[in-house]
K.L.:
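One structure coming up, written as structure tokens, with questions to follow.
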There are 2 protein chains.
Amino acid sequence: MDTITIKDIARALNLSTSTVSRALRDSYEINAETKRQVVEYAERLHYRPNPIAVSLKENRSRVIGVIVPQIANLFFSQVINGIEAVAYNRGYHVSIFQSHESYERELATVQQVVARKADGLLISLSSNTVDVSYLRQLQEKKLPIVLFDRASKDLDVPSVTADNFAGAFAATEHLIQMGRRRIAHVAIPASISIAQERLAGYRFALEKYGIPYDENLVRHAGFGPNEVEPIVNDLLIQSPDAFFAASDRLAIGCLATLKKWNIAIPGQIALIGFTNITVADLLDPPMTTVEQPALEIGQVAAGRLIDLIEGKQKTVSSDPVKIATRLVIRASTQAGL
Amino acid sequence: MDTITIKDIARALNLSTSTVSRALRDSYEINAETKRQVVEYAERLHYRPNPIAVSLKENRSRVIGVIVPQIANLFFSQVINGIEAVAYNRGYHVSIFQSHESYERELATVQQVVARKADGLLISLSSNTVDVSYLRQLQEKKLPIVLFDRASKDLDVPSVTADNFAGAFAATEHLIQMGRRRIAHVAIPASISIAQERLAGYRFALEKYGIPYDENLVRHAGFGPNEVEPIVNDLLIQSPDAFFAASDRLAIGCLATLKKWNIAIPGQIALIGFTNITVADLLDPPMTTVEQPALEIGQVAAGRLIDLIEGKQKTVSSDPVKIATRLVIRASTQAGL
DNA sequence: TTGTACGCGTTATCAG
DNA sequence: CTGATAACGCGTACAA
């Protein structure tokens, strides 16, 4: 292997490794000339310190581990972009991993990342994760952790999420103001923290407008490939006049099912997805959406984590940060109503 | 820090670290009883070898580095899923990184990953990467590398891509068979390897049906946020009767622009995207697409890489692997014609 | 200002 | 069968 080490430089310049080492970092009392020599030589040979050796020595890695349920999801991939932007600026590398909505893989991945001395963890919990004790243990070992999007009430850890309650409220209220009264809600799995918040926002809007809550109009869908259609079919039996879908995937599932039954959405069904769908404008009629500030969530989460890592946050104020969502009303949805 | 090491076990059991180490791996001549003791104690304390120390010692990490231009792209995220499935099964961890279509970031990321002793690299080149000499150097240092999707003719490295030529040919031929003659092609940046292949497939189809190639009908679009619309506008001046978009993003850009001008796609313009758009069925009319076998590309690429890593591939046959695409013809697109 | 020696956690070699 | 020792690359107390 011809990767060059501090030792090579030392030998070439007739110096000790410690002198070279010092010359390359703190100029902690080192002869200017020696330093110049070393730095120049190192430069010329493209010397790069071995991060593995440094990690072993210093017990850290300048790496932030990011674990998301799945990457094939515009929301998460955008959050990651936000994370990277901040982390990169502050001198950290970001390693990305997927839990594939599996508790076991989440656990294994986190263990691996921690074993590799990541300086901190940014996690969005898998839908199957109920036992978060492994995270609590890491937290007790002083490992900086920040949750985003999918947090856990069983964990006293800082979290950054969209304001799901307000977003769901806005979506539902919009539908109500368009004259709808029987609004079906296709929800994400109840085990996910934000499912409750979205449901609460939905219920609160109904309440505000004096519409009774009908549990038959609410169904949770999992992540299986063909789970949405039967659920939408069931909901259709309740003859809803609108749909509030709690995610991109569910919104698409709704649309597909409605299309299959040839139900014209504008006249009879209004649909709002809690989404980042980029093609919402292309649909006919365009879909009104609640957009999550994914980029910002990532940026804020990364910022908080790095503050924790660098000890700028003495008090770990674990009060959740809520980032405002945005209701995007597409023209002809309104027209259609 | 209360991470337990081999040394802790040795002390507790009055053994030397070397004995413990041996007991934990090769049972190479070790007393059965001693071994049992060690293993049991290690189990009880949840001992996990420090992967950083092992990497330093063995100069490898059982980690595969994956670098893609961007994660917020269904094609890439699905490829990654394919990669993970295979790598996981064969005992490797996968670390995911983005180059954000920047040569500099690609370079920096690869250097970082290599410095951390990744056992191999799976890369899809950024659109700005023209100088691949840094990869050639790594290759010469015997680092296993496999390119996927975006390869480079300047690099004699195994690659796995979709059969872009055949896919583009099939798409174009389909449009021709639907009676179109002036087929506009919105292409990805010419610097990307597969751009040429797709263009060639397009041209070959025209040729086969005796349609003259008109360079005014072909435009390349970059990755800027507002690049597609003006290009589509320009193309519209050439009064095309169909569009062949070379990617998801471009297809969406086409659709958006056409919708803006209120051009009814079915009657006047047929559109085919070289894509993985999941909502193609929802569009009105549904869009016919050429689907890339993303998952399979990832699986094959990961398989080849691991074969290389494990030396099963003595001869580095760098002949590119082409995976067949699938033309998905949506019913009413045909009807519309 | 520079060099020596040690440790981070692990494995491999060589004695015993 | 087991233990001492060296080595992977680096940083740092301690000595000079």
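Predicted model, so just to flag it, every value in this text is computed and none were measured.
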K.L.:
Any salt bridge (charged side-chain N to carboxylate O under 4.0 Å, His left out) involving residues 57-82 of chain A? Give me the pairs, sequence neighbours left out, ordered by first then second residue.
P.N.:
Glu58(A)-Arg60(A), Arg60(A)-Asp119(A)
K.L.:
Under the salt bridge (charged side-chain N to carboxylate O under 4.0 Å, His left out) rule, what pairs show up with a residue in residues 63-73 of chain A, not counting sequence neighbours?
P.N.:
none
K.L.:
Using a 4.0 Å heavy-atom cut-off, does Ser55(A) contact any base of the nucleic acid, only the sugar-phosphate backbone, or nothing at all?
P.N.:
nothing
K.L.:
Given atom CZ of Arg11(A) and atom C1' of dC10(D), what is their separation to the nearest angstrom?
P.N.:
15 Å
K.L.:
Does the side chain of Thr34(A) get closer than 4.0 angstrom to OP1 or OP2 of dT2(C) through an N or O atom?
P.N.:
yes
K.L.:
In whole angstrom, give the distance that lies between atom CD1 of Ile9(A) and atom P of dG9(D).
P.N.:
13 Å
K.L.:
In terms of side-chain heavy atoms, does Tyr92(B) have a donor or acceptor partner in Glu84(B) at a distance below 3.5 Å?
P.N.:
no
K.L.:
For dG3(D), does either OP1 or OP2 sit under 4.0 Å from a side-chain N or O belonging to Ser16(B)?
P.N.:
yes
K.L.:
Hey, does the Lys NZ or Arg CZ of Arg304(A) hover above the aromatic six-ring of Phe148(A), less than 6.0 Å from the centre and inside 45° of the axis?
P.N.:
no
K.L.:
To the nearest Å, give me how far apart CZ (Arg62(A)) and P (dG11(D)) are.
P.N.:
13 Å
K.L.:
Is it true that the side chains of Ser126(A) and Glu101(A) contain a donor and an acceptor less than 3.5 Å apart?
P.N.:
no
K.L.:
Would Arg105(A) and Phe97(A) count as a cation-pi pair here, with the cationic atom under 6.0 angstrom from the ring centre and within 45° of the axis?
P.N.:
no
K.L.:
Encode nucleotides 7-12 of chain C as B, S and - characters from 5' to 3', where the letter depends on protein heavy atoms closer than 4.0 Å: B to the base, S only to sugar-phosphate, - to neither.
P.N.:
BBBBBB
K.L.:
Mind calculating the distance between CZ (Arg60(A)) and P (dC10(D)) to the nearest angstrom?
P.N.:
16 Å
K.L.:
Rounded to whole Å, how long is the line connecting atom CD1 of Ile52(B) with atom P of dG11(D)?
P.N.:
14 Å
